[in-house]
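Hydrogens, waters and symmetry mates are skipped; everything else that's a heavy atom, side chains included, is used.
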Amino acid sequence: MIDALTLKLSNSVSLTGDEKNVLQKSITKVVDLGKQANIKREDEKPDFIHLLLEGWACRYKTLENGKEHIVGFLLPGDLSTLHATILERMDHSIRTLTPVKLALIPQERINYLYLHYPNIARALFWSTLVDEATLREWLVNQGSRPAVIRLAHLFCEMLVRSRAAGLTENHSFPMPLTQEELGNTTGLTKVHVNRSIRQLRMQEMIEINHRTLTILDWERLQEFGEFDATYLHMPRIEAQLAPQLSRKIS
């Protein structure tokens, strides 16, 4: 059940069988949620740490005019904020983008892991630092790059993260996001999103079919999107991708 989490954490440390077993026993409940279901709303009291086992979810903020701005994605193996239950209220909302399977972990179990399993603690801290680094990169992406480059950068990130989550072994990955959701993520209108995707397609860097995105030319998309995967801190995944995607797919 925790395979997605241990796969992600393996980019930081190697967990022993005993450590994996302890992580498994930390889960007190598993729930299935449908698409567009709220996991936690802004201003609600956090009660559990959430571990995504299957599907996609997002963090988002709701603006005064009712519009949403997506501030992060959760893929299998990703955790909601590890210390959210310390806070009195959530400062953002989390909802599903696809049907998901979600594991609930009490905060006291996380505290126990920190005290008694330093290797797990190190891995969880690593996960938190990667989340923070990703948020910084998103700020730069939205604030400093033109529309089509923003999308190219996001698609590069999603390939690396999908590979880390075990969702793909090649140059394709699930893309369940609508153009509106892509716009809410990158700060673009649907018109700009549509135009940018069309440009990337015409330049034969990507293809999208049946909610699957295929990167046709990894090296060129990285260069075009100004993408440097350092902030994701997954050199093992980068090494796996480089030889497979360095050639243009005909």
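Counting heavy atoms from C-beta outward, N21 and E19 have side chains that stay 4.5 Å or more apart. Using a 4.5 Å cut-off on side-chain heavy atoms (C-beta onward), M205 and Q199 make no contact. Side-chain atoms of T214 and I206, non-hydrogen and from C-beta on, never get closer than 4.5 Å to each other. Within the 4.5 Å cutoff, the side chain of I120 has no heavy atoms near those of the Y114 side chain. Using a 4.5 Å cut-off on side-chain heavy atoms (C-beta onward), S80 and I94 make contact. Side-chain contact between K35 and L97 is absent, with no heavy atoms from C-beta onward closer than 4.5 Å. Between E226 and I149, some side-chain heavy-atom pair lies under the 4.5 Å cut-off. Here the side chains of F224 and V148 are in contact, with some heavy-atom distance below 4.5 Å.
One N or O on the side chain of T6 and one on the backbone of D3 form a donor-acceptor pair closer than 3.5 Å. In terms of modelled atom types and a separation under 3.5 Å, the side chain of R211 and the main chain of P176 share a donor-acceptor contact. Between the S162 side chain and the L159 main chain, no donor and acceptor come within less than 3.5 Å of each other. In terms of modelled atom types and a separation under 3.5 Å, the side chain of T186 and the main chain of L151 share no donor-acceptor contact. In this structure, the side chain of T168 engages the main chain of S172 through a donor-acceptor pair within 3.5 Å. No donor-acceptor pair closer than 3.5 Å links the side chain of T96 to the backbone N or O of A57. Under the 3.5 Å distance criterion, the side-chain polar atoms of S12 are left unmatched by any main-chain donor or acceptor of W126. Under a 3.5 Å cut-off, the side chain of R95 and the backbone N or O of R41 do not form any donor-acceptor pair.
Hydrophobic clustering, with ILVMFWY side chains joined whenever heavy atoms are under 4.5 angstrom apart, groups I208 together with F173. Tracing side-chain contacts under 4.5 Å through hydrophobic residues (I, L, V, M, F, W, Y), one never reaches V130 starting from L139; they form parts of separate clusters. Grouping the Ile, Leu, Val, Met, Phe, Trp and Tyr side chains by contacts below 4.5 angstrom, directly or via other members, places L7 apart from L124. Hydrophobic clustering, with ILVMFWY side chains joined whenever heavy atoms are under 4.5 angstrom apart, keeps L75 apart from V71. At a threshold of 4.5 Å between side-chain heavy atoms, the hydrophobic network of Ile, Leu, Val, Met, Phe, Trp and Tyr places L15 and F125 in one connected group.
For the residue pair D18 and T16, no side-chain donor N or O sits within less than 3.5 Å of a side-chain acceptor on the partner. Neither side chain, Q142 nor R150, offers a donor N or O lying under 3.5 Å from an acceptor on the other.
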Requested in this report: Take N11 and H233 through the test side-chain contact (heavy atoms from CB on, under 4.5 Å) and record every step on the way to the result.
Outcome: CA-CA 8 Å; N11 288 281; H233 301 281; over 6 Å; no
Yes or no on side-chain contact (heavy atoms from CB on, under 4.5 Å) for W138 and L154, after CA distance, side-chain angles and deciding distance? CA-CA 8 Å; W138 277 35; L154 179 65; 4.0 Å; yes
| S26 and I110: side-chain contact (heavy atoms from CB on, under 4.5 Å), yes or no, with the steps? | CA-CA 8 Å; S26 297; I110 297 295; over 6 Å; no
Practice prompt. Carefully, step by step, assess I197 and L182 under the rule side-chain contact (heavy atoms from CB on, under 4.5 Å).
Written response: CA-CA 10 Å; I197 289 175; L182 284 170; 4.1 Å; yes
### Message
Test salt bridge (charged side-chain N to carboxylate O under 4.0 Å, His left out) on D78 and R161; report intermediate values, then the result.
### Response
CA-CA 10 Å; D78 288 340; R161 291 183 59 190; 2.8 Å; yes
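No more than 12 heavy atoms of other residues, nucleotides or ligands shown are found within 6.0 angstrom of CD on E223. Environment of CZ in R236: crowded, with over 12 heavy atoms of neighbouring residues, nucleotides or ligands closer than 6.0 Å. In R201, the CZ atom is crowded: over 12 heavy atoms of neighbouring residues, nucleotides or ligands sit closer than 6.0 Å. The number of heavy-atom neighbours closer than 6.0 Å to NE2 of H92, taken from other residues, nucleotides and ligands shown, is above 12.
Between the CE atom in M234 and the CG atom in L241 there is a gap of 11.0 Å [rounded to 0.5 Å]. Distance check: E157 CD to L232 CG gives 5.5 Å after rounding to the nearest 0.5 Å. Atom NZ of K190 and atom CG of N194 lie 9.0 Å apart (nearest 0.5 Å). Interatomic distance, CD1 of I39 versus CD of E44, reported as 11.5 Å (0.5 Å rounding). Note that CG of N184 and CD of Q179 are 12.0 Å apart. Values are rounded to the nearest 0.5 Å.
Checked against side chain to side chain donor-acceptor pair (under 3.5 Å), N38 has the following partners two or more places apart in sequence or in another chain: Y60. In this structure, the side-chain contact (heavy atoms from CB on, under 4.5 Å) partners of E137, at least two apart in sequence or on a different chain, are R145, H153, Y231. Applying the ring pair (Phe, Tyr, Trp, His ring centres under 6.0 Å) test to H116 and every residue at least two apart in sequence or in another chain returns Y112. The side-chain contact (heavy atoms from CB on, under 4.5 Å) test applied to Q222 returns C156, W218, F227, not counting sequence neighbours. Applying the side-chain contact (heavy atoms from CB on, under 4.5 Å) criterion to K67, with sequence neighbours excluded, gives L63, N65.
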Can you give each donor-acceptor pair under 3.5 Å made by side-chain atoms of residues 48-56, sequence neighbours left out, with the distance rounded to 0.1 Å?
none

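Residues G77 and L5 come closest through the heavy atom pair O-CD1, 3.4 Å. Across K8 and S127, no two heavy atoms sit closer than the pair NZ-OG, 3.4 Å. The two atoms that bring R89 and D43 nearest to each other are NH1-OD1, 3.4 Å, heavy atoms only. Considering every non-hydrogen atom in both D131 and L79, the closest pair reads OD2-O, 4.3 Å. The nearest pair of heavy atoms linking A152 to G225 is CB-CA, 3.8 Å. Closest non-hydrogen pair, V13 versus A123, comes out as CG2-CB, 3.5 Å.
Under a 4.0 Å N-O distance rule, the pair E68/K61 does not qualify as a salt bridge. The pair K40-D47 meets the salt-bridge criterion, with a side-chain N (NZ, NE, NH1 or NH2) lying under 4.0 Å from an Asp/Glu carboxylate O. With salt bridges taken as basic N to acidic carboxylate O contacts below 4.0 Å, none links R163 and E238.
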